[in-house]
Number of protein chains: 2
Amino acid sequence: MEPTIKQLRYLLSVSQAGSFRGAAERLDIAQPTLTAQINTLESKLGVTLLERSRQGAQLTPAGRSFIPFIETILEQVASIGRLAKEADGSLIGTYRLGVPPTLGPYFLPEVIPTIHQSFPGLKIFVRENAPRDLEVGLLHSEYDFIITTLPMEIPNLSIEPLFNEPLVLVCAPDHAFAEQDAVKPDDLHGENLLAIEEKHRLFDLMQTIALQFSARLLRDYEGTSLDTLRHMIGTGLGIAFLPALYVKSEITPRKDVISINFDGPTFARGVALAWRPGSRRAELYKQIAQIMRTVSHDTLSDHITLNMQTTGYDGGRL
Amino acid sequence: MEPTIKQLRYLLSVSQAGSFRGAAERLDIAQPTLTAQINTLESKLGVTLLERSRQGAQLTPAGRSFIPFIETILEQVASIGRLAKEADGSLIGTYRLGVPPTLGPYFLPEVIPTIHQSFPGLKIFVRENAPRDLEVGLLHSEYDFIITTLPMEIPNLSIEPLFNEPLVLVCAPDHAFAEQDAVKPDDLHGENLLAIEEKHRLFDLMQTIALQFSARLLRDYEGTSLDTLRHMIGTGLGIAFLPALYVKSEITPRKDVISINFDGPTFARGVALAWRPGSRRAELYKQIAQIMRTVSHDTLSDHITLNMQTTGYDGGRL
DNA sequence: TTCATAGATAGATAAATACTATCACATAAA
DNA sequence: TTTATGTGATAGTATTTATCTATCTATGAA
């Protein structure tokens with residue numbers, strides 16, 4: 001057997017009131033009820049907690065020693081109640097957001113402030129992972145929602161498209177392309193094309209590009225991150241197509257590598273917000289997606305293309 | 001409405017097991033019972049705590065935020081249970097012992113170690129107060145038990161006599177009495193007799209002595225403690241009858257004042273242990289009283305007289 | 001004594017809790 | 001595809017628990 005919160009509260013009340021009757025009145029219950037509860041509590045614990053007399057009731061030394069525990073228990077219970085009361089807009093708790101490492105650091109800083117402005121109580125814990133692991137992790141409830149790139153591998157996940165992020169051609173400043181106004185598709189023929197590790201979905205897209213333009217994909221020199229890729233490009237190892245938001249964030253402000261106009265078809269990866277279907281927080285996620293789209297439109301429209309249709313979205317694949 | 005410990009435990013169990021069925025089995029209850037309890041908990045709090053799916057159940061961000069609170073609550077409850085289990089010999093908790101300032105410091109150090117040896121788990125909080133306040137405080141549950149001097153003013157308190165503590169004649173080393181082998185009752189005639197403040201019951205006894213031997217009670221110079229009384233005696237202000245245990249503890253080891261043989265009737269105050277009648281810890285108090293008597297007999301029999309009769313005890317009054 | 005008030009008790013009722021049996025759905029294996 | 005297994009939800013019932021009203025006994029104060 002185990003004590004009840006109610007019984008503990010009753011005991012505390014009697015100890016404060018100094019009598020069963022007084023406590024019963026304060027608790028708005030009948031005195032026999034109180035007596036019964038205290039009795040069952042005492043027999044459950046096997047300890048006499050109160051010393052009854054005609055003058056009232058006082059704690060025994062044993063009963064006194066329980067009071068601190070009871071007080072913290074009641075405090076914690078009150079905290080739960082308070083917390084639950086605040087949870088009107090389901091803004092309670094910490095939401096775990098998963099993002100691909102090739103996108104998160106260059107996109108989230110743009111939108112997080114606005115999200116916090118719209119949902120002041122919302123706490124978001126961000127963790128990076130490859131899109132594949134993000135989707136599996138979402139299914140296994142390691143994340144509450146994720147930003148991932150299309151196409152998704154796991155079906156039956158609710159998604160809200162955000163935007164298409166084009167890939168931008170990047171080369172070293174001393175590369176021949178640096179002189180040209182625009183690079184034509186034929187110019188890529190035989191060029192050394194660098195790519196990121198295969199576990200990133202971005203790799204597939206880079207591979208598609210290499211294939212389409214007969215460029216040579218340097219598989220022995222795959223970058224473990226976009227930053228290492230940038231350094232490799234800077235040493236003249238090759239050229240690469242990098243995500244536009246990364247270029248905006250890490251290429252444009254520096255001079256070690258440069259971006260070039262590419263006079264050919266635009267390659268882009270689709271970016272979407274996803275969560276487990278049936279989640280009652282779907283409405284919140286949709287609002288967050290809307291904020292992300294709005295901010296993207298307002299501050300990033302030079303770099304990405306927005307695609308607002310929410311059905312039949314093909315993920316921006318070519 | 002308020003959550004139940006049971007419901008909180010159920011929630012925690014589901015979150016750990018990852019499914020209702022698994023948790024139900026672990027909790028040894030039926031799954032519908034678990035479902036019902038979680039449902040009522042959710043509706044009570046007004047928050048969705050678990051995300052159900054065909055694969056099991058996972059905490060929502062809100063539910064996750066409650067877990068730390070729930071864990072501390074369950075820990076505290078477990079602590080209460082553990083504490084109660086230890087409370088076999090009612091040795092749990094802290095017992096508040098009240099003692100007169102004219103006795104406690106000179107008697108307790110002799111017996112406390114033995115008490116702790118006999119009851120290793122017993123914690124005793126000692127507070128000093130005048131016997132009158134001790135008795136009232138005992139009645140009002142400010143103390144669990146007291147050492148007091150007889151006769152008691154409040155009836156219907158359970159008492160266990162301990163011993164009689166004689167009063168010993170004390171004077172300055174340069175007083176005429178210091179030369180005598182023994183002081184006779186007639187010698188006290190007209191002597192300046194010092195006494196402690198009236199609020200101490202010891203005052204009554206000192207007054208009785210002064211009256212009986214026609215000594216002069218210096219009421220303008222009442223000591224606030226036995227120690228101040230000792231200092232007053234040392235300056236030659238007068239002589240006094242002081243409790244034997246005080247004399248043993250504070251007079252004999254020093255040279256500032258000396259004790260003298262008094263060739264007259266022995267005055268003594270009765271000392272007893274007292275508690276509220278009906279207390280279920282009476283047995284413990286009786287055992288403590290027995291220890292006090294035994295220790296007194298073994299180590300203090302040169303200074304006090306033991307009176308083992310437990311009924312019809314007159315408190316050592318003359 | 002008389003009165004007010006303390007906790008204890010008896011008996012009835014309402015509420016909460018638990019169970020069994022079953023359903024509907026999803027996933028994985030045959 | 002079919003089947004088996006596992007998920008949570010639901011219906012209905014039995015039991016346990018919590019609560020109430022009415023009453024009792026004992027104590028302390030007026």
Side-chain angles (χ1 to χ4, degrees), chain A residues 1-11 13-44 48-60 63 136 139-141 154-158 276-280, chain B residues 1-11 13-15 17-44 48-60 63 136 139-141 154-157 276-280:
Chain A
M1 294 276 268
E2 189 173 59
T4 306
I5 290 179
K6 197 177 293 185
Q7 290 166 352
L8 299 180
R9 181 187 305 287
Y10 286 2
L11 175 63
S13 196
V14 172
S15 84
Q16 289 169 343
S19 77
F20 279 68
R21 283 187 124 92
E25 187 173 0
R26 190 188 301 183
L27 291 166
D28 200 30
I29 60 173
Q31 169 259 318
T33 302
L34 226 192
T35 299
Q37 288 300 322
I38 297 288
N39 284 345
T40 63
L41 178 60
E42 283 184 326
S43 66
K44 267 195 279 198
T48 303
L49 300 167
L50 288 168
E51 185 180 314
R52 288 89 159 162
S53 75
R54 304 298 164 187
Q55 286 76 43
Q58 300 290 333
L59 285 172
T60 62
V136 174
L139 206 62
H140 291 9
S141 291
I154 294 182
N156 300 329
L157 287 175
S158 298
R276 285 182 296 283
S279 168
R280 305 204 185 166
Chain B
M1 293 277 268
E2 186 172 61
T4 306
I5 289 179
K6 198 176 292 185
Q7 291 166 351
L8 299 180
R9 181 187 305 286
Y10 286 1
L11 175 63
S13 195
V14 173
S15 83
S19 77
F20 279 68
R21 283 188 125 92
E25 187 173 358
R26 192 187 303 183
L27 290 166
D28 200 29
I29 59 172
Q31 168 260 318
T33 302
L34 224 193
T35 299
Q37 286 300 325
I38 298 288
N39 284 345
T40 63
L41 178 60
E42 282 183 328
S43 66
K44 266 195 280 198
T48 303
L49 300 167
L50 288 167
E51 185 180 312
R52 288 89 158 160
S53 75
R54 303 298 165 189
Q55 287 75 43
Q58 300 289 334
L59 286 171
T60 63
V136 174
L139 206 61
H140 292 8
S141 292
I154 294 182
N156 298 331
L157 287 176
R276 286 182 296 283
S279 167
R280 303 204 188 166

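Protein chains get the first letters and strands the later ones, always in sequence-line order, with residue 1 at the start of each. Computed from a predicted model, the values in this text were never measured in an experiment.
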Inset, instruction - Check the distance between D:dG8's P and B:L11's CG and give it to me in whole angstrom. - result: 14 Å

Legend entry - Nucleotide D:dA18, atom P - distance to CD1 of B:I5 in whole Å: 12 Å

Legend entry - Contact nearer the 5' end of DNA chain C, comparing B:P32 with A:G22: A:G22

Inset, instruction - For the side chain of A:F20, starting at C-beta, report the closest nucleotide among C:dG7, C:dT20, D:dG8. - result: C:dG7

Legend entry - Rounded interatomic separation in angstrom, taking CD1 from B:I29 and P from C:dC19: 6 Å

Legend entry - Short side-chain N/O contact to C:dT17 OP1/OP2 from B:T33, under 4.0 Å: no

Legend entry - Side-chain touch B:S13/B:R26, heavy atoms, less than 4.5 angstrom: yes

Inset, instruction - Give one of base, sugar-phosphate or nothing for B:Q37, where a contact means two heavy atoms less than 4.0 Å apart. - result: sugar-phosphate

Legend entry - Distance-only donor-acceptor test (3.5 Å): side chain A:Q31, base C:dA6: no

Legend entry - Nucleotide nearest B:A30 (side chain, heavy atoms from C-beta), chosen from D:dA18, C:dG7, C:dC19: C:dC19

Legend entry - Spacing of A:H140 atom NE2 relative to C:dT27 atom C1', expressed in whole Å: 13 Å

Inset, instruction - Report yes if a side-chain nitrogen or oxygen of A:K6 is closer than 4.0 Å to either non-bridging phosphate oxygen (OP1 or OP2) of D:dT19; otherwise report no. - result: yes

Legend entry - Flag side-chain contact, heavy atom, 4.5 Å: B:L11 against B:L59: yes

Legend entry - A:T35 side chain near C:dG7 phosphate (N/O to OP1/OP2, under 4.0 Å): no

Inset, instruction - Measure from CD on A:E42 to C1' on C:dG7 and round the result to the nearest Å. - result: 12 Å

Inset, instruction - Find the distance B:L34:CG to D:dT10:P and express it as a whole number of Å. - result: 15 Å

Legend entry - Non-hydrogen side-chain atoms of B:I38 and B:L49 separated by less than 4.5 Å: no

Inset, instruction - Mind checking B:R21 for me? I need base, sugar-phosphate or nothing, with any heavy atom below 4.0 Å counting as a touch. - result: base

Inset, instruction - Could you state the atom-to-atom distance from CD of A:Q58 to P of C:dG7 in whole Å? - result: 10 Å

Legend entry - Student check: side-chain heavy atoms of A:T60 and A:L50 closer than 4.5 Å: no

Inset, instruction - Determine the contact category for A:T40: base if any of its heavy atoms lies under 4.0 Å from a base atom, sugar-phosphate if only primed atoms, P, OP1 or OP2 are that close, otherwise nothing. - result: nothing

Legend entry - Check: A:T33/A:Q37 side-chain N/O donor and acceptor closer than 3.5 Å: no

Legend entry - Atom pair distance, as rounded to whole Å: CD in B:Q7 and P in C:dT17: 6 Å

Legend entry - Phosphate OP1/OP2 of C:dA18: any B:Y10 side-chain N/O under 4.0 Å: yes

Legend entry - Sugar-phosphate, base or nothing in reach of B:S19, heavy atoms under 4.0 Å: sugar-phosphate

